[in-house]
Each structure stands twice: as structure tokens, then as C-alpha cells.
Amino acid sequence: MEPIIRVENISKTFQANNGQVEAVKNISFSIEKGDIFGIIGLSGAGKSTLVRCLNLLEKPNEGNIYIDGKNLMELSNRELRRERQDIGMIFQHFNLLMQRNVLDNICFPLEIAGVSRREARKRALELLEIVGLSEKAKAYPAQLSGGQKQRVAIARVLANNPKILLCDEATSALDPQTTKSILKLLKEINQKYDITIVVITHEMAVIQEICSKVAVLDHGSLVETGTVEELFRAPKTEEAKKLILNEFAHIKEMKSERMIRVTFSGKSAFEPLIGNVILEYKTPLNILYANTKTINGNAEGEMILQLPETKEIAESMIAYFKEKELGVEEVDDYVR
Amino acid sequence: MFDETIINMLIEGTWATLYMTLVSTLFGYIVGLPLGIVLTITDKEGIKPNAVVYKILDFIVNLTRSIPFLILLILVMPLTKLIVGKSYGSTATIVPLTIAAAPFIGRMVESSLKEVDKGVIEAAQSMGAGTFSVIRKVLLAEARTSLLVGVTIAVGTILGYSAMAGAVGGGGLGDIAIRYGYHRYETDIMIVTIVILVVLVQILQGLGMMLSKKLDRRHT
């Protein structure tokens with residue numbers, strides 16, 4: 001089946017004062033219908049430019065973008081505007097019309113699409129119900145909290161029944177609690193209305209919370225793509241490791257000779273692995289960091305372990321973990 | 001303290017001043033509003049960047065704005081005569097006032113429209129809004145309070161210009177002030193005209209500010 005989004009060798013270069021900036025370098029990837037696809041990268045990696053290429057708010061210098069098999073690069077302006085009604089977008093700073101109340105904000109895309117005023121209001125009220133803000137219909141954006149504003153933006157983006165929803169750092173301006181509720185809403189929308197969602201973020205936590213697949217962007221290039229589980233268990237590239245390890249940067253203080261990061265999934269969680277390994281080799285291990293997370297409904301755990309100084313024992317322990325099918329990788333790069 | 005003829009003259013002068021000011025502001029916006037919009041969208045950060053159009057308009061605006069009003073008034077007299085039929089009186093003064101006001105208004109409109117959040121414009125474009133929709137529903141609608149403040153400033157400035165036109169027989173309160181106060185040393189009449197002018201500016205300014213505040217939805 002044709003993927004809903006297919007990006008083919010796109011590049012985007014900006015003319016800056018001090019020469020050219022290659023924001024996106026020859027990127028290709030596909031997104032299947034119904035996926036929640038994450039694009040993660042540090043700031044300046046080119047995420048925002050990349051996501052704007054998907055609805056041609058930024059026109060790539062080269063390459064093609066197929067939405068449902070239709071090449072956006074070949075569309076006329078009018079056809080492109082029509083196509084954009086099927087590709088919704090929400091933003092970090094919400095971008096609501098400050099001089100319109102909540103209801104009229106949601107009517108806005110319908111006005112553009114030429115829907116009658118009466119019909120638009122009816123639809124807007126339904127949408128407000130979906131995002132749980134019915135009582136705020138007459139409020140103005142300035143009177144709402146960040147989370148409420150993003151809910152209005154989500155209602156607004158749903159008005160035209162889009163096939164795709166692009167989220168550009170949609171939760172980056174929100175506190176953790178609100179972030180969770182917005183992510184939950186996005187997940188509901190994905191499931192209920194079968195809308196494909198593309199999530200741009202610099203936070204691994206957001207990816208883990210809702211994404212099924214992920215692409216890692218670094219300096220304008222796509223360095224790794226795969227399922228979130230794969231990336232979490234066995235990141236292949238340095239950039240991906242950095243993004244994952246970013247979260248427990250605080251362990252840097254605990255100096256140690258050799259450390260490993262082990263990851264384990266639901267099935268190995270019942271075996272007392274750490275206890276067993278200590279009993280087996282009669283040498284203690286130091287647990288520096290441990291955490292469990294739910295990725296797409298599965299429990300995934302991770303630990304940072306400080307290994308004993310004796311090299312042979314350390315190697316044997318690594319071998320033991322590997323034998324038990326845990327993900328093992330050395331992280332000593334990140335402790336200095 | 002004044003006889004009836006003088007009081008009538010002052011009342012007529014006030015009306016003439018208001019007439020010149022308001023009609024010139026209207027014509028000024030008929031030219032200046034589109035000018036400001038084109039300046040905004042053709043700017044390199046705008047939604048339809050066009051360096052050639054922007055530079056040409058930018059130059060014309062700067063050129064017109066750098067000519068002192070009194071000189072402009074005399075400079076366009078042949079044109080005024082062509083349009084109105086005569087080069088003195090309040091109706092005739094509307095021509096140079098409009099020519100002076102339009103570029104100034106265009107600049108103010110440009111600056112108001114450029115205050116609109118780029119993100120909101122981008123959001124509208126992501127929904128499939130075309131250039132015309134963005135101008136009407138986003139730029140003008142979101143900048144409306146700033147635009148109204150601009151109208152208030154424009155009215156005040158044009159009122160001041162209209163008084164200056166009195167120097168060459170432009171009609172209105174300025175005309176009276178110069179004829180009586182300057183040429184005939186009747187300082188009391190001049191002071192009264194000044195007081196009326198001050199009151200007019202205050203009222204118009206107050207009205208404009210009140211309206212713009214009332215229409216602003218950005219407060220909590």
C-alpha cells in the first residue's frame with residue numbers, strides 16, 4: 001500500500017548573511033497511514049524546516065513530497081491550498097487569532113474552506129466538545145492557559161477533517177502535566193479518527209509517550225529510523241544515544257571506570273537479573289540509575305550500572321546480560 | 001467679547017477644518033491602506049516577497065514624506081487647480097493633504113501589519129488560506145487596534161497640516177489664525193482658534209483610543 005506521506009530526497013538550503021545554511025540534507029522517508037511518527041532532534045537539527053516541507057510552507061530546493069500518492073511539488077497554488085486543508089498543523093506557540101474568540105477561531109479554517117457560517121458554528125461547537133472546552137466558547141485566547149490554547153488549536157485543526165496532523169513542538173511550551181494530557185488527546189484523535197500524526201520534538205519522553213515510529217534528525221540529516229522500541233533498546237547511532245541519554249545527564253557527576261546501560265522489556269522483568277549476576281560472580285554492581293517506562297503499552301526498563309573494576313568479571317557480566325537478551329551498551333562516553 | 005460675525009466665522013472655520021481633516025483622512029486611507037498592505041506583503045519577510053515592487057514603493061513613500069508640507073502644498077497647486085478648479089479654500093486643500101497623508105498612512109499601516117505574529121500567518125497558510133484571505137482575515141483583523149491607533153495619529157497630523165494650509169489661503173481655523181492673529185495682530189482670535197484646535201485634537205484622540213481599546217481582545 002502506498003504510504004500516506006512519502007518524502008523523496010528533499011533538500012532545503014537557506015541563504016543566510018554568512019553564506020548558505022543547509023537545513024535539510026537529502027532526506028527520504030515514508031509514513032504509513034495511521035502511524036504516530038516522531039521526528040526527534042536537538043534544536044537546530046532542522047526539524048521545523050523538515051515538518052514545514054511536508055505541507056510546503058517551506059518549499060524544498062530539491063526532491064518530492066507525496067501525500068497519498070500526490071506530488072505536492074507539482075501542484076498549482078490553488079491545488080496546494082486545497083491539499084493543505086487535509087494536512088493540519090499545530091504549533092509550539094499555538095498561533096491562535098488573538099482578536100477572535102475560541103468559537104470563531106475554530107470556525108476560521110471552515111471560513112477559508114468556504115463552509116457557511118451556520119454550519120461552521122455547529123461543527124465548531126462539536127469540536128469544542130471533543131477537546132473538552134465547551135464552556136470556553138466565548139472566551140478569548142488571552143484568557144486561556146497554554147494547555148487550553150493548544151486544545152483550541154487542536155479543535156481548529158480538526159475542523160476540516162484532515163488526513164494528517166503535523167505537530168511542531170506542540171507540547172514544548174507546556175508543563176509536564178499538561179503535556180501528558182495533550183499527548184493523550186492526540187493519541188485519542190489518532191485512534192478515533194484515523195488521522196496520521198507527525199510529531200516534531202526534542203524530548204524523548206514525548207516520543208516514548210505516543211509515537212510508534214521515530215526518525216532521528218541530526219544537522220539536517222536523517223541518521224536513524226525505526227520503531228520506538230528499537231531505538232530505545234538499541235540505538236545504532238551516536239546521535240540517537242545522545243538523545244536517549246540526555247534524560248539522565250545528571251549521572252555525569254558519579255565518576256566511574258566503566259558503565260553500561262541495560263534495557264529490558266516486560267518478559268525479563270520477572271527475573272531477578274541483578275541479584276543473579278551478583279550471586280554468580282560474587283562481586284557487587286552499582287545501580288546508578290534505573291527507570292521503567294511504558295512505550296506503546298509495553299513496560300520497558302533501563303538501568304545504568306557501574307561494573308566492577310576487574311576487567312574479566314565486567315566482561316562476563318556483560319556477556320551474562322546479553323545471554324539473557326537484554327540490551328547492553330557501554331555509556332562511558334557520557335560520564336566524563 | 002466677540003461679535004456675531006466673528007463667532008460665525010469661527011464656527012464655520014471649525015467645520016471647514018473638520019471637513020478637510022476627515023475627508024483627507026478618508027482619501028489618505030483609500031490610497032494609504034492598499035499601499036501599506038502591498039509594502040507589508042512584498043517585504044522580504046512578507047507573504048509575497050517582491051524586492052522590485054517593495055523598493056519602488058519604499059522610495060516613493062520616502063520621497064513624498066521628505067518634502068515639507070508647505071512646499072508640497074505649493075508644488076501641487078497646478079494639480080489642485082486641475083482637480084478642484086481652484087487652488088484656495090478648504091476643498092482645494094484636500095488635494096495636497098491627501099497627497100501628504102497617503103504615504104504617511106501607508107507607512108503606519110505597514111508598521112501595524114508587521115506587528116502581526118508570523119506564527120498566526122503561518123497557521124492560516126497551513127489551513128490553505130490564500131494571500132487575500134491572509135490579508136483580510138489575519139493581517140487586518142489581528143492588527144485592528146494598532147490600525148485604529150494609526151487612524152487617530154493620522155487625523156491629528158492631518159489636522160495640523162490643514163492649519164498650515166492657512167498660510168496660503170487654505171481655509172479653516174488655520175486660515176483664521178493667520179489672517180487675524182498674524183496679519184492683523186488680533187491675538188485674542190488667534191488664541192481662540194488655537195484652543196478650538198487643541199480641543200478638536202483631544203476629542204478625536206480620545207475617541208480613537210477609546211475605540212481601539214474597546215476592540216482589543218488581547219487582555220485577560
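Note that this is a predicted model, so its numbers are computed, not measured. Sequence lines set the chain letters: A, B, ... in the order given, protein chains first and strands last, and positions in each chain run from 1. In what follows, every heavy atom counts, from backbone to side chain, and hydrogens, waters and symmetry copies are set aside.
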Is it the backbone or the side chain of [X] that comes under 4.5 Å from a heavy atom of chain B, or both, or neither?
| X | value |
| --- | --- |
| A:Ile87 | backbone |
| A:Arg82 | neither |
| A:Leu166 | neither |
| A:Arg78 | neither |

For chain A, find which of [options] contributes the most heavy-atom pairs closer than 4.5 angstrom.
| options | answer |
| --- | --- |
| B:Ala123, B:Ser126, B:Gly119 | B:Ser126 |
| B:Glu122, B:Lys118, B:Gln125 | B:Glu122 |
| B:Asp216, B:Ile121, B:Asp117 | B:Asp216 |

> With a 4.0 Å cut-off, would you call B:Asp58 and B:Arg107 a salt bridge?
Replying inline: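 Salt bridge flag = yes for B:Arg107 with B:Asp58.
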
> Can A:Lys12 be said to sit on top of A:Phe14's aromatic six-ring, NZ or CZ under 6.0 Å from centre and within 45° of the ring axis?
Replying inline: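 Yes, A:Lys12 and A:Phe14 form such a contact.
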
> Using non-hydrogen atoms only, which part of B:Ala141 is less than 4.5 Å away from chain A: side chain, backbone, both, or neither?
Replying inline: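 Backbone of B:Ala141 only, per the 4.5 Å heavy-atom cut-off to chain A.
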
Indicate whether any N or O donor in one side chain lies under 3.5 Å from an N or O acceptor in the other, for [X] and [Y].
| X | Y | answer |
| --- | --- | --- |
| A:Gln85 | A:Asn161 | no |
| B:Ser112 | B:Glu115 | no |
| B:Ser212 | B:Thr145 | no |
| B:Thr91 | B:Tyr19 | yes |

